[in-house]
There are 2 protein chains.
Amino acid sequence: MIKNMPKILVVDDELDILEIIRHALNKEGFEVHIAANGFQALEQTRKIKPDLILMDVMMPVMDGMEACRQLKEDTDTKNIPIVFLTARSEEFAELAGFEAGADDYISKPIRPRVLMSRLKAILRRRNAIQSSSHETLEFGDLKIDRERFVVEFMGKSLQFPRKEFELLSFLASRPGRVFSRDEILENVWGNEVLVVDRTIDVHVRKIREKLDERYIYTVKGVGYKFEAA
Amino acid sequence: MIKNMPKILVVDDELDILEIIRHALNKEGFEVHIAANGFQALEQTRKIKPDLILMDVMMPVMDGMEACRQLKEDTDTKNIPIVFLTARSEEFAELAGFEAGADDYISKPIRPRVLMSRLKAILRRRNAIQSSSHETLEFGDLKIDRERFVVEFMGKSLQFPRKEFELLSFLASRPGRVFSRDEILENVWGNEVLVVDRTIDVHVRKIREKLDERYIYTVKGVGYKFEAA
DNA sequence: TGCAAATATTAAGGTATTGTTAATAGCGAC
DNA sequence: GTCGCTATTAACAATACCTTAATATTTGCA
């Protein structure tokens, strides 16, 4: 029902600013979490896995720069974009933030419109279709074109629904390898899905129909695999 | 596997800023060389033939403007794009910079994402210009003339509104490739627009009307694609 | 063989995504 | 200013999709 809105962690020691930003972001539909210093930011980040962190540079306990550095060192968090809030004309701070791995910064005083458009621009970037998975997979008379989102089977071009395509594409990315339902859910549905695993069976059914009952095989008690033979 | 990364020469007399920029560019995979003034910049340029020069305007020994002028006079170096770093509201300096042959300038304070995207854009443009960036695209009875901003469809010449043209043109620039709405926003609307993504749908509607419901196809849950078939 | 567990299958409902229209705001030309 | 065109948004409709639940079938094993 409720769409999966981006989670944003806002970090600032000034409570009123925190509140203002929180409110503004909430209104846009973001899921907002807060922290009051760098240390809390680290904790929160590990807990909630935000899609983006908006962080003040100057803070007690642990400043933004240091928090940023630590987050960028951790494999689990280094890909989370970090946007710094800086006082105007803190040029050096900005450049240093850049070095620490920040993705952007926004000068105070904060203009809501600007804030929004920056955040959205950054988030948009991550929503680009993963370029790494753009190779087309070929197996005899089956071709999975990840660029066109099209499956070609025995000469015919088939439009697969998204989940079916992703599922097939995932399994076919490692032919022969058996994936458990849990692995499939992890990879095709994502981390926080609330889906019964019988759902996979249904998608498998549909795919098998379209592909003449070939390619996807059940390994009972284990999971599914893709096999070209 | 190691790609031939662009060489960038960074010229600034402030060593700490130089270091930070160097580090940041390195992280993006550029091969970075440095110089501390205009004179060194000339030397370095002749030696390493950088793909792009990022240069402060204000420097001792030889300022950026003068260095730029000299580089643009030399046949060997005049095609190397030069980007100036200028203090905020040095409008005059910017104008003078263009006169001196600069390709772009970036105002301090430097915004990381802006810096990167400008540099990449310039490098991209350079690569693109030689090949084919705004040639006219042809697909059977559809012709997209990017020079005249005109679409010819089944013999008739149609004047598309700007956004519709840009959208069609963008999708058609990589036929078959599916673009997510976010990618489309990023590329057609630009970096910092604040536009609801349903806007795309409306433009798509209008384009489809004009093109007889052909060419633009929806991939549900993913995005849109252009297909000539 | 028969039983239990795992997987298949089907159809139906709810939901997310897109389609479409119309209203509004903005911009430029005259 | 007014007219006309474009861009954007909002609101509603349409539909493709995903998921589930209920039931059937298969498989492994006692």
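Quick caveat: nothing in here was measured; it's all calculated off a predicted structure. Lettering follows sequence order; numbering is per chain, from 1.
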In whole angstrom, what separates [X]'s [atom1] from [N]'s [atom2]?
X      : N      : atom1 : atom2 : result
B:I216 : C:dT18 : CD1   : P     : 14 Å
A:D197 : C:dA6  : CG    : P     : 10 Å
B:Y217 : D:dA16 : OH    : P     : 16 Å
B:L185 : D:dA7  : CG    : P     : 15 Å

Non-neighbouring partners of [X] that pass side chain to side chain contact (heavy atoms under 4.5 Å, CB included), sequence neighbours left out:
X      : value
A:V188 : A:K163, A:E166, A:L167, A:F170, A:I184
A:A172 : A:L137, A:F139, A:I144, A:F226
A:K220 : none
A:V150 : A:R148, A:E152, A:S157, A:Q159, B:K225

Under the side-chain hydrogen bond (donor to acceptor under 3.5 Å, both in side chains) rule, collect the residues that match up with [X], sequence neighbours excluded.
X      : value
B:H203 : none
A:E73  : none
B:T199 : none
A:R198 : A:D201

*Hey, which of these two, A:G223 or B:E213, hits DNA chain C nearer its 5' end, going by closest nucleotide?*
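The residue whose closest nucleotide sits nearer the 5' end is A:G223.
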*Strictly below 4.0 Å, heavy-atom distances to any atom of DNA chain C: list the hits from residues 198-211 of chain A, or just say none.*
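By residue number: A:R198, A:D201, A:V202, A:R205, A:R208.
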_Under 4.0 Å, heavy atom to any atom of DNA chain C: which of residues 153-175 of chain B qualify?_
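Nucleic-acid contacts, sorted: none.
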*Is there a donor-acceptor contact under 3.5 Å linking the side chains of B:R208 and B:Y215?*
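No - no donor-acceptor pair under 3.5 Å links their side chains.
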Ignoring backbone atoms, establish whether [X] has a side-chain N or O less than 4.0 Å from OP1 or OP2 of [N].
X      : N      : value
B:W189 : D:dT8  : yes
B:T218 : C:dT17 : no
A:Y224 : C:dA8  : yes

*Difference in axis direction between the ends of the helix from C:dT1-D:dA30 to C:dC30-D:dG1, five pairs, 10°*: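 Terminal axis comparison yields 30°.
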*Are any of the side-chain heavy atoms of A:L9 and A:I53 separated by less than 4.5 Å?*
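Answer yes - side chains close enough.
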_Taking salt bridge (charged side-chain N to carboxylate O under 4.0 Å, His left out) as the definition, give me every residue that meets it alongside A:E19, ordered by chain and number, with sequence neighbours left out._
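Per chain and number, A:E19 pairs via salt bridge (charged side-chain N to carboxylate O under 4.0 Å, His left out) with A:R22.
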*Taking only the side-chain heavy atoms of A:K220 (C-beta and beyond), determine which of D:dG28, C:dA16, D:dT19 contains the nearest atom.*
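For the A:K220 side chain, the nearest candidate turns out to be D:dG28.
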